[in-house]
Q: 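Below are the structure tokens for one structure; questions will follow.
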There are 2 protein chains.
Amino acid sequence: MYANGITLIFESTNVRKNMSIKQIAKIAGVSTATVSRVLNGSDKVKNETIEQVQKVAKKLNYQRNNVARRMKVKATESLIFGLVVSDINNPFFADIARGVEEFAYAKEHVIFICNTNESTEKEIFFLNSMISEKVSGVIIAPTAGNYQLFDKLVSDRLPLVLIDRLKNSFPFDTVSINNEKGAFLAVQRLIQNGHKRIGIINGIKGLSNSEARFRGYKNALGEAGLPLIKELITYGHFREAGGREAMKKLLDLKKPPTAVFSANNLMTLGCIKEIHEQNLSIPDQIALIGFDDSTWAEALTPPLTTVKQPGYELGVNAAELLYKRLKNKDSNIMNVVLNPELIIRDSCGTNRKSS
Amino acid sequence: MYANGITLIFESTNVRKNMSIKQIAKIAGVSTATVSRVLNGSDKVKNETIEQVQKVAKKLNYQRNNVARRMKVKATESLIFGLVVSDINNPFFADIARGVEEFAYAKEHVIFICNTNESTEKEIFFLNSMISEKVSGVIIAPTAGNYQLFDKLVSDRLPLVLIDRLKNSFPFDTVSINNEKGAFLAVQRLIQNGHKRIGIINGIKGLSNSEARFRGYKNALGEAGLPLIKELITYGHFREAGGREAMKKLLDLKKPPTAVFSANNLMTLGCIKEIHEQNLSIPDQIALIGFDDSTWAEALTPPLTTVKQPGYELGVNAAELLYKRLKNKDSNIMNVVLNPELIIRDSCGTNRKSS
DNA sequence: TTTTATGAAGAAAACGATTACATTTTAAAA
DNA sequence: TTTTAAAATGTAATCGTTTTCTTCATAAAA
């Protein structure tokens with residue numbers, strides 16, 4: 001009797017091992033089909049039965065096995081979104097993740113986050129894993145290149161939303177920032193503040209966002225009749241160390257720029273460290289505007305002028321787009337473009353009123 | 001004929017819909033059991049057969065359906081880790097996530113990241129989802145309280161590794177930082193630099209890390225024979241706004257502190273902004289040491305002295321612990337404690353040599 | 001009262017893998 | 001050559017749901 005008692009307690013709590021719709025059916029005296037109907041709120045079950053089943057389920061602390069569920073249900077109803085970002089340490093992507101998650105949570109979806117660190121190899125592994133896990137769809141900031149993979153994804157009909165970085169030739173929904181405009185605004189501001197030799201530290205060649213930011217830089221110079229000077233165009237691969245190196249290269253020039261536009265927050269940090277190392281003052285000796293606002297931008301001395309990207313909103317929008325796509329497979333492809341905002345602080349020079 | 005052609009193309013590319021072990025078996029002229037054996041590299045299959053099956057699998061671009069696999073396989077072999085963090089926007093947790101992911105990737109595991117934003121409600125939802133998805137185990141930085149839930153997890157035998165925040169009464173593996181020591185070092189340093197009125201901005205009451213940091217603060221004061229002054233003890237809930245408010249409260253005191261120890265990076269940022277707002281100079285008018293090093297700490301003026309937590313290592317260790325636990329269910333509980341490091345920069349005063 | 005909808009519930013077939021057990025083939029030993 | 005062991009493969013049950021048919025019961029219509 002004592003032993004029995006113990007066994008009972010053990011079994012009843014060990015939810016992870018057993019506990020299926022079958023147990024509930026047996027105890028409630030109905031079929032598994034009915035239990036399933038009750039639990040999924042489908043029609044045509046007598047109120048009395050509903051109550052009875054729910055009571056048993058609650059008492060047994062039943063929890064649906066989603067793995068089994070996904071075997072039957074269409075992938076579009078798996079209640080899982082995948083999110084593939086390229087650098088989770090970048091606050092911009094952390095914001096995006098928060099946005100996606102917020103939306104997903106509201107819809108009782110769960111998300112799979114993977115971080116490629118710009119590695120195409122990882123990207124392939126993660127996407128394959130997601131397919132293999134039958135996620136409903138994926139939101140992804142793709143690495144550079146990798147076009148065969150995306151070809152395959154198209155033919156596999158995996159619902160996909162591209163974020164931040166676009167791949168024009170593919171029929172995917174997208175949410176991106178108007179990078180060209182953001183860069184334009186930044187460089188235009190530097191020009192307004194009297195700068196004529198303006199350097200750029202760009203991200204990764206071949207990524208749409210880098211290219212758009214470069215166009216914005218070029219256009220702003222062009223509009224002001226300033227020449228595009230080759231030695232002032234550098235790349236920092238979206239990494240802090242890269243930004244620092246690029247800044248060093250620019251400062252080491254015979255005729256260094258008087259202002260620099262840095263194409264993301266990590267590189268900007270590298271810039272600042274190099275500038276401090278060389279004991280130069282911002283903005284007098286070197287003016288600076290960075291892409292991506294960050295919580296710390298305001299705390300710097302001087303506070304950093306930045307192009308603020310709405311990361312959180314981007315995430316929410318992407319999740320919403322994916323959600324809609326799943327509801328309606330054949331609706332038109334949507335390309336959402338969000339506007340960046342120039343947050344003017346002190347790092348770009350003194351002419352703050354003229355805007 | 002034309003129509004047939006189109007249909008064929010459509011079907012053959014739609015990998016997402018069909019493509020099972022059965023197709024391979026049929027084409028290769030073997031049973032599904034044999035295919036499974038080949039694909040899982042189990043013994044006792046003729047070389048010839050292996051080659052044949054592999055060839056077919058490759059040609060069909062077969063990809064295992066992990067959902068089906070998880071129905072049969074023990075949860076401990078599901079190749080999925082769950083990771084629940086409390087604030088993905090905090091670089092500390094982003095570092096942890098990177099660490100976990102790196103380890104998991106090396107083992108061909110995939111991770112589910114969820115972000116509770118300190119919400120216990122979300123924590124419950126996410127953990128239930130993970131159980132429902134049959135993850136192998138979960139690495140979690142728990143929110144405050146929520147003890148019933150963890151009771152349930154223990155009896156459900158969900159392999160769990162607690163990180164950053166401990167719950168002493170539960171038999172879980174843990175990886176944490178020696179928070180007490182970190183805080184002690186920071187406050188000790190402030191004392192060495194001549195400070196006698198030292199404020200603390202602590203995190204969330206009831207979390208083990210906050211409490212340990214408080215103990216460190218208290219002990220450092222005690223060791224130096226300094227009194228614990230109630231009005232200098234504030235809380236900022238680990239958020240930037242909270243930190244700023246707390247700092248304001250401290251500065252508004254009749255007799256404000258000459259130095260402040262802030263218990264995480266976001267709150268420190270809030271502090272700095274408030275200090276700037278009030279046009280006070282660091283460290284002369286108010287000295288500051290923050291918990292958590294960040295990439296931007298060095299770029300501030302003056303550079304910020306911080307207690308550096310090895311977030312990445314913490315993540316790697318947690319993943320490794322979980323991995324080992326799955327291999328050996330009954331091995332002894334492990335409690336890994338990592339050491340923080342005081343990174344001395346300029347924000348804590350001038351007495352830099354005496355360490 | 002009989003017929004006919006319609007509402008409730010059950011039986012059983014999937015979903016796609018893994019695996020215990022059974023069977024066949026092959027090689028070694030007698 | 002027969003016996004025996006081991007290797008290779010196949011058969012079929014199983015994991016826990018969902019869902020399509022059926023079937024049964026009840027109420028409305030004839």
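Every chain is numbered from 1 and lettered A, B, ... according to where its sequence line falls, protein lines coming before strand lines. Bear in mind the structure is a predicted one, so any value in this text is a computation, not a measurement.
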Q: Taking the side chain of B/A33 as heavy atoms from C-beta outward, which of D/dC15, C/dT19, C/dG10 is closest to it?
A: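 That would be C/dT19.
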Q: On a heavy-atom basis, which atom in B/T34 and which in B/V45 lie closest, and how many Å separate them?
A: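 Taking B/T34 first and B/V45 second, the nearest heavy atoms are CG2-CG1, 4.3 Å.
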Q: So, is B/S36 near the phosphate of C/dT18, with a side-chain N or O under 4.0 Å from OP1 or OP2?
A: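 Indeed, a polar side-chain atom of B/S36 lies that close.
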Q: Looking at B/R70 and D/dG16, is any side-chain donor or acceptor paired with a base atom of the opposite kind under 3.5 Å?
A: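 No.
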Q: Taking for each residue the nucleotide of DNA chain D bearing the nearest heavy atom, is the 5' side occupied by B/V45 or by B/T32?
A: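 Looking at the nearest nucleotide for each, B/V45 comes out on the 5' side.
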Q: Select one nucleotide: of C/dC15, D/dT17, D/dA12, the one nearest the side-chain heavy atoms of A/M71.
A: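 Nearest to the side chain of A/M71 among the choices is C/dC15.
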Q: Could you check how far CD of A/E133 sits from P of C/dA17, rounded to whole Å?
A: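 Result: 13 Å.
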Q: Evaluate the criterion ring pair (Phe, Tyr, Trp, His ring centres under 6.0 Å) for residue pair B/F112 and B/F126; output intermediate values, then yes/no.
A: CA-CA 10 Å; B/F112 245 125; B/F126 290 141; 9.4 Å; no
Q: Tell me: CE of B/M19 to C1' of C/dA17, nearest whole Å?
A: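 About 15 Å, once rounded to whole Å.
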Q: Please determine if B/K74 and B/E77 form a salt bridge, counting it only when a charged side-chain N lies under 4.0 Å from a carboxylate O.
A: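 A salt bridge is present here (some side-chain N lies under 4.0 Å from a carboxylate O).
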Q: Could you give the CG-to-C1' distance, from B/N47 to D/dA7, as a whole number of Å?
A: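 Computing the B/N47:CG to D/dA7:C1' distance gives 12 Å.
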Q: Within the pair B/S20 and C/dG16, is there a side-chain N or O less than 4.0 Å away from OP1 or OP2?
A: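 Checking B/S20 against C/dG16: no side-chain N or O falls below 4.0 Å of OP1 or OP2.
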Q: Starting at atom NZ of B/K44, determine the distance to atom P of D/dA8, rounded to an integer number of angstrom.
A: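 So the NZ-P distance, B/K44 to D/dA8, works out to 8 Å.
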Q: Categorize B/T34 for me: base, sugar-phosphate, or nothing, with a 4.0 angstrom heavy-atom threshold over every strand shown.
A: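 Sugar-phosphate, backbone atoms only, no base.
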Q: Rounded to the Å, how far apart are A/K72 NZ and D/dG16 C1'?
A: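 Atom NZ in A/K72 sits about 11 Å away from atom C1' in D/dG16.
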Q: Closest approach to the side chain of A/T49, judged atom by atom: which nucleotide of C/dA9, C/dG16, D/dT18 is it?
A: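 When the side chain of A/T49 is considered, C/dA9 is the closest of C/dA9, C/dG16, D/dT18.
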Q: Could you give the CG-to-C1' distance, from B/N65 to C/dC15, as a whole number of Å?
A: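 So the two atoms are 8 Å apart, to the nearest Å.
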Q: Measure from CZ on B/R37 to P on D/dA8 and round the result to the nearest Å.
A: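 One finds 11 Å between P of D/dA8 and CZ of B/R37, rounded.
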Q: Within this structure, what is the CZ-to-C1' distance between A/R69 and D/dC15, rounded to whole angstrom?
A: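 A/R69 atom CZ is separated from D/dC15 atom C1' by 17 Å.
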Q: Just call it for A/N66: base, sugar-phosphate, or nothing, with non-hydrogen atoms closer than 4.0 Å on any strand.
A: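 Contact class for A/N66: none.
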Q: Does B/T116 form a side-chain hydrogen bond (donor to acceptor under 3.5 Å, both in side chains) with B/E123? I'd like the steps, not just the answer.
A: CA-CA 6 Å; B/T116 60; B/E123 181 170 78; 5.3 Å; no
Q: So what does B/V30 hit on the nucleic acid, given a heavy-atom distance under 4.0 Å: a base, only sugar-phosphate, or nothing?
A: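 Result for B/V30 = sugar-phosphate.
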Q: Closest approach to the side chain of A/R64, judged atom by atom: which nucleotide of D/dT18, C/dA17, D/dG10 is it?
A: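 Given the options D/dT18, C/dA17, D/dG10, the side chain of A/R64 is closest to D/dT18.
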Q: Is A/Y62 near enough to D/dG16 that one of its side-chain N or O atoms lies under 4.0 angstrom from OP1 or OP2?
A: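 So the side-chain polar atoms of A/Y62 never come under 4.0 Å of the phosphate oxygens OP1 or OP2 of D/dG16.
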Q: Counting only heavy atoms not in B/E121 (residues, nucleotides, ligands), do more than 12 fall under 6.0 Å from its CD?
A: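 It does not: B/E121 CD has 12 such atoms or fewer within range.
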